[in-house]
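The structure under discussion is supplied below as structure tokens; questions concerning it will follow.
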Amino acid sequence: MIVNDLPTKLLDGAYTKGEWSLENYLKKGGYQAAKKVLAMPRDPAANNIPALIEEVKKSNLRGRGGAGFPAGMKWQFIDYKAKKPRYLAVNCDESEPGTCKDRVVVTYNPHRVLEGILIACHVCGIEDAYIYIRGEFVVEFEHLVGAVAEAYAAGYFGSNAMGSGVRIDVTPHRGAGAYICGEETGLLSSLEGDRGYPKIKPPFPAVEGAWRSPTLINNTQTIALLPGIVNMGADAWAKIGPERNSGPMIYCLSGHIKKPGLFELTMDVTLRELVEQCGGGVLNDLKPKAIIPGGSSMPVLRVDGQPYTNAKGEQVTDNYDIRMDYDTLKNANTLLGSAAVIVMHERTCMVSALYNLIRFYHHESCGQCTPCREGSGWLEKILARIVRGEGKTEDIDGLLSVAGQMSGTTICLLADSAAMPAGAFITKFREEFVHFCKEKKSMVENAIRL
Ligand SMILES: Cc1cc2nc3c(=O)[nH]c(=O)nc-3n(C[C@H](O)[C@H](O)[C@H](O)COP(=O)(O)O)c2cc1C
Ligand code: SF4
């Protein structure tokens, strides 16, 4: 079911020139939510701050950065009474292939992000916020800097933010051009001026993050959703979409699709509806074969109706009519991730598609952990051999063995991000890998080159 007459939207006015100005944002009721929240004193005795965290928990807001972690729960981990500075880092690195939503939110609705920052900072007792924005986002960065200047001039930020008597400052910080800087601890290393190396958790950033102080890290979209929750009230917001999967979701539709783009909907939508109704169907009216539901690191779904043998040895078929929410996709052994839906049609060679994807992960591995550095390298080397027509059928189980040894053994989840798609591609399309090894060419006639 497609529900897009949402009471609160981040993409309102997207792609309209000038939409990003403060004047326009105020016309739409902008900064009212922040005004309401900042009017509450930061007084632990008044007990209003925990009450606000309860509101976020009640809303069922789940982080839009990939893991779908409950935002209110994360906020609760920040000790706002601690005698240390606390920081907010807004993650706008957006490097996961297929994901392209934060950049649009920041370009056309930057004040919504800034309003969300004011709310998050006040609720968690934070005075300094950073927006870590991907280095390649030039126009996006300019819009953000312009909006920050407007917000300071209006007195929303600074030593007396919105007349509240508390200081809240915000600094856009340009990223260092590496996928790994989107991983939260890598981001903090980069923000501190070091190489973007991820760090072992625990301690989690909420306890010990930037400059060894408690740091809240949320995705840009997560932060931008906050004014809507305050304006509507958590109970009403929680009712948008399926239970536990509340609020608007921005689906990024790409790949072999007639109308790629962003679609802001409730999470009631099915995969088929996204492709056929939102995306206008598959390119050249071909049949869909495989769809990655949540960014390139999430396990692919096989949607051509053909059964495959899963890890338990059962014959199963993936459901093209699956509901695109966190819980339903998890139950189907994949993940919603960043809701980046990548469509591959029937002329896609799954072997070369996986090779293409693994090259990315190998290139982006920071090299600290042996299983990730060597494992992604071996996956790439073996796949290259198969694609060159020099593979042997034993290589297929070799790939699965390497992928199996990468998961759960590293500092961050980049290794899993390579291992998960490798496992799913091979398990679900094993016949294509076998054919390539035996016949020295793709099983797909007139396969498109990736
Ligand atoms: C390799 C890797 C890359 C990531 N890249 C991003 C990214 O570009 N943007 C993002 O918001 N989260 C990214 N994440 C997730 C972050 O580590 C973190 O969980 C997220 O920013 C938290 O925000 P949320 O709770 O609002 O979802 C990445 C994670 C991993 C393991
Ligand atoms: S898993 Fe990979 S990217 Fe993450 S810290 Fe280890 S080597 Fe670096």
Side-chain angles (χ1 to χ4, degrees), residues 56 61-75 77-78 88-103 105-106 113 116-117 120 130-137 175-191 195-201 204-206 209 215-226 247 249-250 252 294-298 326 335-340 360-377 379 405-421:
V56 179
L61 171 63
R62 293 169 76 163
R64 302 303 204 239
F69 191 81
M73 200 188 285
K74 192 188 276 188
W75 287 24
F77 298 145
I78 304 274
L88 167 67
V90 180
N91 195 340
C92 194
D93 196 54
E94 188 150 83
S95 311
E96 175 84 350
T99 316
C100 49
K101 60 186 176 67
D102 295 339
R103 62 184 302 178
V105 172
V106 155
V113 180
I117 289 174
Y130 296 91
I131 307 169
Y132 188 96
I133 180 164
R134 181 173 169 165
E136 293 94 330
F137 286 172
Y179 173 62
I180 201 56
C181 292
E183 194 279 335
E184 54 189 17
T185 57
L187 181 153
L188 294 180
S189 300
S190 171
L191 185 66
R195 198 171 184 156
Y197 276 157
K199 300 185 191 95
I200 290 175
K201 292 180 270 193
F204 289 93
T215 304
L216 175 67
I217 305 185
N218 273 128
N219 170 261
T220 304
Q221 192 189 348
T222 315
I223 291 290
L225 287 168
L226 296 170
M249 174 58 84
I250 303 176
C252 319
S296 65
S297 48
M298 302 306 158
Y326 291 107
L335 293 162
L336 181 58
S338 54
F360 170 79
Y361 287 106
H362 180 216
H363 182 262
E364 296 299 328
S365 166
C366 83
Q368 284 189 97
C369 320
T370 310
C372 175
R373 184 187 63 239
E374 301 300 319
S376 59
L379 290 180
Q405 291 173 69
M406 289 167 69
S407 285
T409 57
T410 50
I411 296 173
C412 86
L413 286 175
L414 188 139
D416 298 69
S417 303
M420 279 196 298

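Quick caveat, the model's predicted, so the values are computed rather than measured. We number each residue from 1, following the sequence as shown. Read the numbers this way: they start at 1 and go in the same order the structure lists the ligands and their atoms.
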key: Per-residue contact class, E184 against ligand 1 - non-hydrogen pairs under 4.0 Å   = both

ask   = Which atoms of ligand 2 sit under 4.0 Å from any heavy atom of C372?
value = 1 (S), 2 (Fe), 7 (S)

remark   = atom 11 (O) of ligand 1 has as its nearest protein heavy atom N219 ND2, 2.8 Å

request  = Working to the nearest 0.5 Å, report the span between NZ of K201 and CD of E184.
outcome  = 3.5 Å

message = Only heavy atoms of R64, strictly under 4.0 Å: list the atoms of ligand 1 that pass.
response = 26 (O), 27 (O)

request  = Can you see which heavy atom on N91 is nearest to which on D102, and at what distance?
outcome  = O-OD2, 4.0 Å

inquiry  = Donor-acceptor check, side chain of Q221 to backbone of G65, threshold 3.5 angstrom: yes or no?
reply    = no

remark   = In short, R103 meets E94 closest at the heavy-atom pair N-OE1, 3.0 Å

task = Can you measure from CG (L188) to OH (Y130) and round to the nearest 0.5 angstrom?
result = 11.0 Å

ask   = Between G65 and ligand 1, does any nitrogen or oxygen pair lie at a separation below 3.5 Å?
value = yes

ask   = Applying a strict 4.0 Å limit to heavy atoms, is E96 in contact with ligand 1?
value = no

inquiry  = I need the atoms of ligand 2 closer than 4.0 Å to a non-hydrogen atom of S365, numbered in the order shown.
reply    = 2 (Fe), 7 (S)

ask   = Going by distance alone, is a donor N or O of one side chain under 3.5 Å from an acceptor N or O of the other, for S189 and K199?
value = yes

note = Here the atoms of ligand 1 under 4.0 Å from any heavy atom belonging to S95 are 8 (O)

query = Once you round to the nearest 0.5 Å, how far does CD1 of I250 lie from CZ of R64?
reply = 9.0 Å

key: From the candidates A415, A418, C366, the one that places a heavy atom nearest atom 8 (Fe) of ligand 2   = C366

task = Measure from atom 3 (C) of ligand 1 to every heavy atom in M73, E183, K74 and give the option owning the shortest one.
result = E183

ask   = Between the side chain of E183 and the main-chain N/O of G186, is any donor-acceptor distance below 3.5 Å?
value = yes

ask   = Touching ligand 2 at all, R373? Heavy atoms, strictly under 4.0 Å?
value = no

inquiry  = If I take atom CD from residue Q368 and atom CD1 from residue I200, how far apart are they, to the nearest 0.5 angstrom?
reply    = 8.0 Å

key: N, O or S atom of C369 closer to atom 8 (Fe) of ligand 2 than 2.8 Å   = no

inquiry  = Show the atoms of ligand 2 that are less than 4.0 angstrom away from any heavy atom in L414.
reply    = 3 (S)

message = Considering E94, K101, R134 one by one, which has a heavy atom nearer to atom 8 (O) of ligand 1 than any of the others?
response = E94

request  = Mark up the atoms of ligand 1 that fall under 4.0 Å of a heavy atom belonging to N218, in ascending order.
outcome  = 23 (O), 24 (P), 25 (O), 26 (O)

request  = Could you list which atoms of ligand 2 come closer than 4.0 Å to a heavy atom of I180?
outcome  = 3 (S)

remark   = Closest to atom 1 (C) of ligand 1 among protein heavy atoms sits Y179 CE2, 3.6 Å

query = By number and element, which atoms of ligand 1 are closer than 4.0 Å to a non-hydrogen atom of D93?
reply = 8 (O)

query = Closer than 4.0 angstrom: is that true for some heavy atom of S417 and an atom of ligand 1?
reply = no

remark   = Here the pair of heavy atoms bringing N218 nearest to K74 is ND2-NZ, 4.0 Å

ask   = Which pair of non-hydrogen atoms, one from L191 and one from Y132, has the smallest distance, and what is that distance?
value = N-CE1, 4.2 Å

ask   = Is any side-chain heavy atom of I131 less than 4.5 Å from a side-chain heavy atom of I223?
value = no

message = If the cut-off is 4.0 Å to any non-hydrogen atom of I411, which atoms of ligand 2 fall inside it?
response = 5 (S)

key: Closest protein heavy atom to atom 10 (C) of ligand 1, given as residue, atom name and distance to 0.1 Å   = N91 ND2, 3.1 Å

task = Please tell me if the side chains of R134 and C92 come closer than 4.5 Å, counting only heavy atoms from C-beta onward.
result = no

Sub-4.5 Å side-chain heavy-atom contact between S365 and L414 = yes

For atom 14 (N) of ligand 1, closest protein heavy-atom neighbour = G182 O, 3.4 Å

request  = Measure the distance from atom 4 (Fe) of ligand 2 to every protein heavy atom, then report the residue, atom name and distance (to 0.1 Å) of the closest one.
outcome  = C412 SG, 2.4 Å

query = Under a 4.0 Å heavy-atom limit, does T222 contact ligand 1 with its side chain, its backbone, both, or neither?
reply = side chain

